[in-house]
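Notes follow once the structure below has been shown.
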Amino acid sequence: LEVNKYYEVIRELGKGTYGKVDLVIHKIRGSKMALKFLKKKSTKLKSFLREYSISLYLSPCPFIINMFGIAFETDEYYVFAQEYAPSGDLFDIIPPQVGLPEPVAKRCVHQVAIALEYLHSKKLVHRDIKPENILIFDKECRKVKLSDFGMARRAGSPVKRVSGTIPYTAPELCDTSKHDGFCVDYSTDVWAFGVLLFCMLTGNFPWEKAMPSDTFYEEFVRWQKRRTGAVPSQWRRFTDESLRMFRKLLALEQERRCSVKEVFAHLGHRWMLDGTSGNH
Ligand code: ADP
Ligand code: MG
Ligand code: MG
C-alpha cells in the first residue's frame, strides 16, 4: 500500500528507535490525523497488533487517544492512525525546575486519573505512564488524553521485572536481578502516576532511580518508613494533604499502594505551599 496516495505528510510529531509519528492529512476525508509508524525491523507483528487492538478497545474513553480503526503496512513499517493532539505531549509544557501552575496540573491529573481508572477497570495496565505519553489539546490542559499502549498488558500476566521508563519505575521493578514469577499489576501505574504528579508540580524528578543507591530515594524511604520526622527537602513545598496522597501513591510495598481512585479525594485540597506553582 502506498502511503502517499492517501495521506499527505505535514510534519513529524515524534521520533524514536521504534519508528516515528507523522501528522498527515487524509486526502479523501480531508481531516488531520497522526500516523504511528513502527519499524518492522524492531517490532514484531504481534506487538504491533497488541498496541493497535488495545488502543482501539480503549478508544471509547474520552480521556484516551482515539484510534480510527485504520491499520496497514508498508515495506518498512506497520502503521496505524489515531486522532491528532494539536499541542503535543505534556513533557514539553512542564517548565523545568518550576512545574505547572497547580490548577493546570490538577486539571491534567484529574483526566489522566479517569483514563487510568477506565484502563484498570478493563483489567489492563499501561506500564509506561509519563508526561511524553500524555497528549494535550491545549496548553492549559483543558483537554488531555492518555496515549501509547505499546507497553500495556493484561493484569496478572507474567513478565520480567523490567518495564517503562527509569525515573517512573516502581522499586519492585528496579531490581532486575530477581527472576521469580513477577506479574503485571495495577500498582506499577499507581507508582508512575505518583512520580508523574511530582514532576508536574515541581519540574523535577523526585529521584533518578527507585534503588537504595539513590540518595534522594533513600531519603524518601526513610521518611515513608518513619511516618514522622523531617520531610525530605524536595518534598517541603507540598502541603500535608498532598503528602498524605503521595504516601499512598508511592507506598514502598506494592501491596500497600492505593488505587488511582484515591486521587479524586485529594483534588479539592491545596497541594503546594508556595506561590510559584499555586495561585495562577
Ligand atoms: P513511542 O511508543 O515510541 O513512545 P508514542 O506513541 O508515545 O511512541 O509517540 C511518540 C511521541 O510522538 C509522543 O511522545 C508525542 O510527542 C508524539 N505523538 C504521538 N502520537 C501523537 C498524536 N496523536 N498527536 C500528537 N503527537 C503525537
Ligand atoms: Mg511514548
Ligand atoms: Mg511506546
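The structure presented is a predicted model; accordingly, all values stated were derived computationally and were not measured. Heavy atoms only: backbone and side chains are in, while hydrogens, waters and symmetry mates are out. Note that the numbering runs from 1 along the sequence shown for the chain. Note that ligands are numbered from 1 as they come in the structure, with each ligand's atoms numbered from 1 the same way.
- Salt-bridge formation is detected for the pair K36/D148: a Lys NZ or Arg NE/NH1/NH2 atom is positioned less than 4.0 Å from an Asp or Glu carboxylate oxygen.
- Using bins of under 30°, 30° to 60° and over 60° for the plane-to-plane angle, the ring pair H120/Y186 lands in the tilted bin.
- Those atoms of ligand 1 that come under 4.0 Å of a heavy atom in A34, given as number and element, are 22 (C), 23 (N).
- Remark: K160 is not positioned above the aromatic ring of F182, lacking an NZ or CZ atom under 6.0 angstrom from the ring centre and at most 45 degrees off the axis.
- The aromatic rings of W207 and F220 lie tilted to each other, with the angle between the two planes from 30° to 60°.
- Under the 3.5 Å distance criterion, the side-chain polar atoms of N66 are left unmatched by any main-chain donor or acceptor of E83.
- Every atom of ligand 1 is numbered from 1 in the order shown, and the set under 4.0 Å from a heavy atom of Q82 is 20 (N), 21 (C), 22 (C), 23 (N).
- Under the 30°/60° scheme for interplanar angles, the aromatic rings of F37 and Y77 are found to stand perpendicular.
- Of the protein's non-hydrogen atoms, the one nearest atom 25 (C) of ligand 1 is A85 O, 3.4 Å.
- The aromatic rings of F205 and Y168 stand perpendicular to each other, their planes meeting at an angle above 60°, with 30° marking the opposite boundary.
- Neither the backbone nor the side chain of D92 comes within 4.0 Å of ligand 1, counting heavy atoms alone.
- Which parts of ligand 1 touch N133 is read off a 4.0 Å heavy-atom cut-off, strictly below it: atoms 7 (O).
- Residues Y118 and F63 place their aromatic rings such that the two centres sit no closer than 6.0 Å.
- Heavy atoms of other residues, nucleotides or ligands lying less than 6.0 angstrom from CZ of F216 number 12 at most.
- For K39, the NZ atom is densely surrounded, since the number of other residues' heavy atoms within 6.0 Å is greater than 12.
- Between E12 and K20, no side-chain nitrogen of the basic residue sits less than 4.0 Å from a carboxylate oxygen of the acidic one, so the salt-bridge criterion is not met.
- Annotation: atom 16 (O) of ligand 1 to nearest protein heavy atom, D89 OD2, 2.5 Å.
- By the 6.0 Å contact criterion, NZ on K261 is open, its count of non-hydrogen atoms from other residues, nucleotides or ligands being 12 or less.
- For F264, the CZ atom is densely surrounded, since the number of other residues' heavy atoms within 6.0 Å is greater than 12.
- Scanning the protein heavy atoms around atom 22 (C) of ligand 1, the nearest turns out to be L135 CD1, 3.5 Å.
- Only the side chain of K36 comes within 4.0 Å of ligand 1, counting heavy atoms alone; its backbone N, CA, C and O stay farther away.
- At a 4.0 Å heavy-atom cut-off, ligand 1 touches L13 through backbone and side chain alike.
- For a threshold of 3.5 Å applied to N or O pairs, the pair formed by E51 and ligand 1 contains no separation below that value.
- Under 2.8 Å from the Mg ion (ligand 2), one finds the following protein N/O/S atoms: N133 OD1, D148 OD2.
- Ligand 1 has no N or O atom lying under 3.5 Å from any N or O atom of V21, backbone or side chain.
- Applying the 4.0 Å criterion to heavy atoms of E83 picks out, from ligand 1, the atoms 22 (C), 23 (N).
- The protein non-hydrogen atom at the shortest distance from atom 4 (O) of ligand 1 is D148 OD2, 2.9 Å.
- Residue, atom and distance of the protein heavy atom nearest to atom 11 (C) of ligand 1 are G14 CA, 4.0 Å.
- Here the heavy atom of the protein found nearest to atom 10 (C) of ligand 1 is Y18 OH, 3.6 Å.
- Counting only heavy atoms of the protein, atom 14 (O) of ligand 1 lies nearest to E132 O, 2.7 Å.
- Between V231 and R236, the shortest heavy-atom contact is O-NE, 2.7 Å.
- The proximity of D128 to ligand 1, defined as any non-hydrogen pair under 4.0 Å, does not occur for either the backbone or the side chain.
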